[in-house]
Number of protein chains: 2
Amino acid sequence: MKTVNMKRNHSIKRDRILELLQTTLEHPTADWIYERLKKEFPDLSLGTVYRNLRILLDEKKIITIRSAAGHDRFDADLSSHQHVVCEKCGKVVDILMNLDKSSLHRLEEKTGFSLASPRISISGLCRDCRLDKSES
Amino acid sequence: MKTVNMKRNHSIKRDRILELLQTTLEHPTADWIYERLKKEFPDLSLGTVYRNLRILLDEKKIITIRSAAGHDRFDADLSSHQHVVCEKCGKVVDILMNLDKSSLHRLEEKTGFSLASPRISISGLCRDCRLDKSES
DNA sequence: AATAAGAATAGTAATCATTATTAATTTTAT
DNA sequence: ATAAAATTAATAATGATTACTATTCTTATT
């Protein structure tokens, strides 16, 4: 039998990671979460953050946003929306495009990909990085 | 003075890397390019592939496609098009959506991002990975 | 409450893609 | 022909993420 439901004990730390993701408008990196929760749990380890993020991913409670900048980012907002991602610093901003369902379906047929809950990201340059051209 | 034009000597290997990218429909990884060109240049080193890819990126002759799967992929097709990316294996397929220019502009104003030549990628699951559910 | 089995953790080591370094070779301009 | 600059192979280093392990915490069952 195949269940995602691999019964797990409670974990206050995991709960707080999810809660933090759900209540922030940022799209935090693992590091950000770690720094943030270290105040609450001084013994927290970065490995624990990564491990729990992966568990939450398995449970489909969060998604990853992969940026051109080093760190992955995480999002607990599962509602249908899209992202604009800065290709220099990795900053992520939520957007809402109205997706034409039928053309999405045509895309699926053409490409053979399943785009059931497609993650769409548009990469550009955020204001800060644009002004900061000096050292590019 | 600020020029992208940092005069460079010729490099047969760099030329071949670009040519390979321009003539393939794949969106190769650095490894793929390395394996491919090693037949031509038995002394080729993977570092050389990466270094030249970055030079070509600086010169804006190619772009990177970052996939959820490990390796980055590269594309020398600079014409306006979009990508569907498999979130499991990283495979990339070109697509063409007609982008509403004015709504893109509205997005720029709302987000503060510059989307001059936006890279749009839609991630889903390719046919192979979909059928291959067994080991997920 | 006591306790044993399973889950979670901190701390650390390992991995893996990519980048930097370096000494040697190749290319270009003179 | 030759010196300066660019390129390279080989190797080491980096940095984000994952794996490992011995210990601690939870939970279910007496």
Side-chain angles (χ1 to χ4, degrees), chain A residues 3-19 27-59 61-74 85 87-90 92 136, chain B residues 3-19 27-35 37-59 61-74 85 87-90 92:
Chain A
T3 30
V4 185
N5 190 351
M6 37 189 80
K7 70 171 140 53
R8 290 198 162 104
N9 283 358
H10 271 222
S11 155
I12 283 188
K13 286 169 183 171
R14 183 154 63 243
D15 291 348
R16 283 293 294 130
I17 290 173
L18 179 57
E19 203 172 296
H27 300 75
T29 61
D31 251 331
W32 188 94
I33 296 170
Y34 172 63
E35 291 302 336
R36 199 75 188 291
L37 290 183
K38 208 161 53 172
K39 293 164 193 161
E40 236 165 279
F41 308 104
D43 65 344
L44 183 65
S45 131
L46 183 54
T48 296
V49 174
Y50 274 110
R51 184 169 32 76
N52 281 304
L53 284 171
R54 220 149 37 73
I55 289 172
L56 292 169
L57 280 168
D58 285 353
E59 296 175 343
K61 290 180 179 159
I62 63 173
I63 61 175
T64 325
I65 305 157
R66 186 146 262 245
S67 77
H71 297 73
D72 285 348
R73 284 159 180 271
F74 301 89
V85 184
E87 56 196 17
K88 196 162 166 194
C89 73
V92 175
S136 70
Chain B
T3 30
V4 184
N5 189 350
M6 38 189 78
K7 70 170 140 52
R8 289 199 164 104
N9 282 356
H10 271 223
S11 157
I12 282 188
K13 285 168 184 173
R14 182 152 65 243
D15 292 348
R16 282 294 292 133
I17 290 174
L18 180 56
E19 203 174 295
H27 300 75
T29 61
D31 251 331
W32 187 94
I33 296 170
Y34 172 64
E35 291 301 336
L37 290 183
K38 208 161 52 171
K39 293 166 192 162
E40 237 165 278
F41 308 104
D43 66 345
L44 183 65
S45 129
L46 183 55
T48 297
V49 174
Y50 274 110
R51 185 171 31 76
N52 282 303
L53 284 171
R54 220 148 38 72
I55 290 172
L56 292 169
L57 280 168
D58 286 352
E59 295 174 342
K61 290 179 180 161
I62 63 174
I63 60 174
T64 325
I65 305 158
R66 186 147 259 247
S67 78
H71 297 72
D72 285 347
R73 284 160 178 270
F74 300 89
V85 184
E87 56 197 19
K88 196 163 165 196
C89 72
V92 174

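First the proteins, then the strands, lettered A, B, ... as listed; each starts at 1. Any value given below was found using the heavy atoms of this structure, including those in side chains, with hydrogens, waters and symmetry copies removed.
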For [X] and [N], give me the distance from atom [atom1] to atom [atom2], rounded to whole Å.
{"X": "B/Ile55", "N": "D/dA5", "atom1": "CD1", "atom2": "C1'", "answer": "13 Å"}
{"X": "B/Tyr34", "N": "D/dT8", "atom1": "OH", "atom2": "C1'", "answer": "13 Å"}
{"X": "A/Ile12", "N": "D/dT24", "atom1": "CD1", "atom2": "P", "answer": "18 Å"}
{"X": "A/Ile65", "N": "D/dA16", "atom1": "CD1", "atom2": "P", "answer": "18 Å"}
{"X": "B/Lys38", "N": "D/dT8", "atom1": "NZ", "atom2": "P", "answer": "17 Å"}
{"X": "B/Phe74", "N": "C/dT18", "atom1": "CZ", "atom2": "C1'", "answer": "9 Å"}
{"X": "A/Tyr50", "N": "D/dT17", "atom1": "OH", "atom2": "C1'", "answer": "6 Å"}
{"X": "B/Ile33", "N": "C/dA17", "atom1": "CD1", "atom2": "P", "answer": "15 Å"}

For a quick test of reading the model, state the closest non-hydrogen atom pair linking [X] to [Y] and the distance between them.
{"X": "B/Ala30", "Y": "B/Val49", "result": "O-CG1, 3.7 Å"}
{"X": "B/Phe74", "Y": "B/Thr64", "result": "CE2-CG2, 4.0 Å"}
{"X": "A/Thr48", "Y": "A/Lys13", "result": "CG2-CD, 4.5 Å"}

Quiz item: Which nucleotide, C/dT19, D/dT7, D/dA19, lies nearest any side-chain atom of A/Arg54?
Solution: D/dA19
Self-check item: Nearest-neighbour nucleotide for the A/Leu46 side chain, D/dT17, C/dA20, D/dA9 considered
Solution: D/dT17
Practice problem: Determine, stepwise, if the pair A/Leu53 / A/Asp72 fulfils side chain to side chain contact (heavy atoms under 4.5 Å, CB included). | Solution: CA-CA 11 Å; A/Leu53 284 171; A/Asp72 285 348; over 6 Å; no
OP1 or OP2 of [N] under 4.0 Å from side-chain N/O of [X]:
{"X": "B/Lys13", "N": "D/dA9", "answer": "yes"}
{"X": "A/Ser45", "N": "C/dT12", "answer": "no"}
{"X": "A/Arg51", "N": "C/dA8", "answer": "no"}
{"X": "B/His10", "N": "C/dT27", "answer": "no"}

Exercise. Could you tell me whether B/Arg14 contacts a base, only the sugar-phosphate backbone, or nothing, with contacts defined as non-hydrogen atoms closer than 4.0 Å?
Key: sugar-phosphate
Practice problem: Under 4.0 Å between any heavy atoms, over every strand shown, what does A/Asp31 touch: base, sugar-phosphate, or nothing? Just pick one. | Solution: nothing
Quiz prompt | Upstream residue (5' side of DNA chain C) when B/His71 and B/Gly47 are each assigned their closest nucleotide | solution = B/His71
Quiz item: Rounded to the nearest 0.5 Å, how far apart are CZ of B/Arg54 and CG of B/Asn52?
Solution: 10.0 Å
